[in-house]
Amino acid sequence: MGAIRSAEGGPLRRAGRGVGRVLRSPFTGAARGVRKATHAHGAGESGLGKLIELHAVNSAGDMMITIALASTVFFSVPTDQARGRVALYLAVTMAPFALLAPVIGPLLDRVPHGRRAAMAGAMLTRALLALTMSGAVATGGLELYPAALGVLVASKAYGVVRSAVVPRLLPPRISLVKANSRVTLGGLLATGLAAPLGAGLHQLGPAYPLYGACAVFAFGTFLSFSLPHKVDSAKGEARARLVSGEHRPIRHPRAGKPERNGKNGKHEKQGTQGKKNKKPGLRTVGSSVLHGLQANSAMRMLSGFLTFFLAFMLRVHPLGGLSPAMSLGVVAVAAGGGNALGTAIGALLRSRGPEAMIALVLSMSLAMVVTAAVLYSPVAIAAVAAVAGISQALGKQSLDSLIQRDVPEEVRTSAFARSETLLQMSWVVGGAIGILLPLNGALGMSVAAGFLALGVATAVRGLLTAARRGSPHPRVA
């Protein structure tokens, strides 16, 4: 009888295993494909592949929290009440963040040996805060907003550390702009996958997307420590400032060679008092980086502005023939598609002509916004969202390329942290403008054109002049 059962059970077990393999194969195949893509061109050996995967986890968790907050603060109440709630959200979260953001970079500069721990801490903080918010998300009580502020600060702290980590994980065959584009693209793909998952969880209850976010961030906490140990190395680094010192740092052709100081005519050796008194700052490497920051700040302001302004305006004045939800969906898809397209273009360009590229995308954004202000239409609004996405992606990658090229290696990591903080502050300012304006499309586009025009006036001429002069320093591979 045992032999009969064995003979009968064997085929059944084999059939069951075969069905299991068939059911698992799409997921295992997709996982292998993702791992192959993220670890290509030496990214697996350098650790960049693990950073791409970590950033994908981060982006998925942030999207789930965004869905939970949007359903509570925005979609669950009429437009007038929603505007008041979002204004309160801005006052309670964005305003304190505007004060905290300038100190995020300097604080993280003080823990260069704990970058993995800092990223894990940012993940764990959001996991715990997601659980905290799950109890208040259904009622929209005031206790929701301090937790949302904590999530925002932790998310931006992660972004600053991530930007500082990328240069440490560069494979020999990948430029920094291409590495950043791959990290960004990984985050965009994860966001696209997490959005329907979060929406599905929301159907179970308003707290379920937050439970999902808690699980994602908990996984990200452990994944942070899988990054290579060199992430925590501060060898050869110093702190960078966004303001210049009194003098340009002395650059020596060879270490230890004396060089004449133009002020007092005395000789100084590298590593002596002359070096100590001259902390390297971003202005000491030429104007390209600062003009690039000015231009990217204007484009980041546009991103924050469109996020809030269009969210409310399209609820009251949806795109022709569409519902408010569909109108928001069209604009979100246009912006996300533009961002992905800009990221892909940046990877293909391999950081050629970064000054000219930043000037081009900023001018292109201004032209599109002016067109939308004059010829306001649903097509123009969708086009503005798409162009803003393309411009922000290309502008940020070109800025990364400028920092890699022009900022000395010993302050490059710190420069990334400071520039990311400045750009995040610009997004906050743009969002505040968007929430305060009347819901008039032509007026909103005119205001956006105004701060973009200011960016063009302050940055484009300097960028093009710097592009004609060429790189102030040789490119560091």
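- Separation of atoms CG (L394) and CG (L399) is listed at 12.5 Å; rounding is to 0.5 Å.
- Looking at K396 and R300, their side chains come closer than 4.5 Å, going by heavy atoms from C-beta outward.
- Side chains of S391 and S365: a donor-acceptor N/O pair is present below 3.5 angstrom, by distance only.
- Because its NZ or CZ atom is both nearer than 6.0 Å to the ring centre of Y158 and within 45° of the ring axis, R126 counts as a cation-pi partner of that residue.
- Residues P209 and I65 have side chains not in contact (no heavy-atom distance under 4.5 Å, counting atoms from C-beta outward).
- Panel note: side chain N296, backbone G395; a donor-acceptor pair is recorded below 3.5 Å.
- Across all non-hydrogen atoms, the minimal contact from C214 to L131 is SG-CG, 3.6 Å.
- Annotation for L375 and A380: closest pair O-CB, 3.7 Å, computed over non-hydrogen atoms.
- Between L362 and L366 there is no side-chain heavy-atom pair separated by less than 4.5 Å.
- For A213 against G61, the heavy-atom pair with the smallest separation is CB-O, 3.8 Å.
- Counting heavy atoms from C-beta on, the side chains of Q397 and T343 come closer than 4.5 Å.
- In this structure, CD1 on I67 lies 11.5 Å from CG on D62, to the nearest 0.5 angstrom.
- Distance check, rounded to the nearest 0.5 Å: CE of M313 to CG of L437 gives 11.5 Å.
- Rounding to the nearest 0.5 angstrom, the gap separating the OG atom in S419 from the CG atom in D400 is 7.0 Å.
- Here the shortest heavy-atom pairing between G220 and L54 reads O-CD1, 3.6 Å.
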| When you look at F217 and L128, which way does the side-chain contact (heavy atoms from CB on, under 4.5 Å) test go after all the steps? | CA-CA 9 Å; F217 285 129; L128 297 176; over 6 Å; no
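- Considering all non-hydrogen atoms of both residues, M364 and I390 come closest at CE-CG2, 4.4 Å.
- No donor-acceptor pair under 3.5 Å is formed between the side chain of S303 and the backbone N or O of M299.
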| task | Decide yes or no on side-chain contact (heavy atoms from CB on, under 4.5 Å) for L210 and M64, but give the supporting numbers first. | result | CA-CA 7 Å; L210 292 170; M64 289 187 179; over 6 Å; no
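- At most 12 non-hydrogen atoms from other residues, nucleotides or ligands lie less than 6.0 angstrom from CZ of F222.
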| field | Residues S297, M301; criterion side-chain contact (heavy atoms from CB on, under 4.5 Å); working and verdict | value | CA-CA 6 Å; S297 295; M301 282 184 65; 5.6 Å; no
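- No side-chain heavy atom of V361 sits under 4.5 Å from any side-chain heavy atom of Q392.
- Residues I358 and L402 form a side-chain contact, since some pair of their non-hydrogen atoms from C-beta on lies under 4.5 Å apart.
- Atom-to-atom distance recorded for S59:OG and L193:CG is 11.0 Å, nearest 0.5 angstrom.
- A 6.0 Å sphere centred on CZ of F451 holds more than 12 heavy atoms belonging to other residues, nucleotides or ligands.
- The two residues L463 and A295 make their nearest non-hydrogen contact at CD1-CB, 4.2 Å.
- At most 12 heavy atoms of other shown residues, nucleotides or ligands fall within 6.0 angstrom of atom CZ in F219.
- The shortest distance between side-chain heavy atoms of F312 and I435 falls below 4.5 Å.
- Counting only heavy atoms from C-beta outward, the side chains of W427 and T307 approach each other to under 4.5 Å.
- The main-chain N or O of G455 is found under 3.5 Å from a side-chain atom of T458 such that the two form a donor-acceptor pair.
- To the nearest 0.5 Å, atom CG of residue L197 and atom CE of residue M63 are 11.5 Å apart.
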| message | Checking M445 against F305 for the side-chain contact (heavy atoms from CB on, under 4.5 Å) test, could you report, in this order, the C-alpha distance in whole Å, the side-chain angles of both residues, the deciding distance, and whether it holds? | response | CA-CA 10 Å; M445 295 300 104; F305 173 82; 4.2 Å; yes
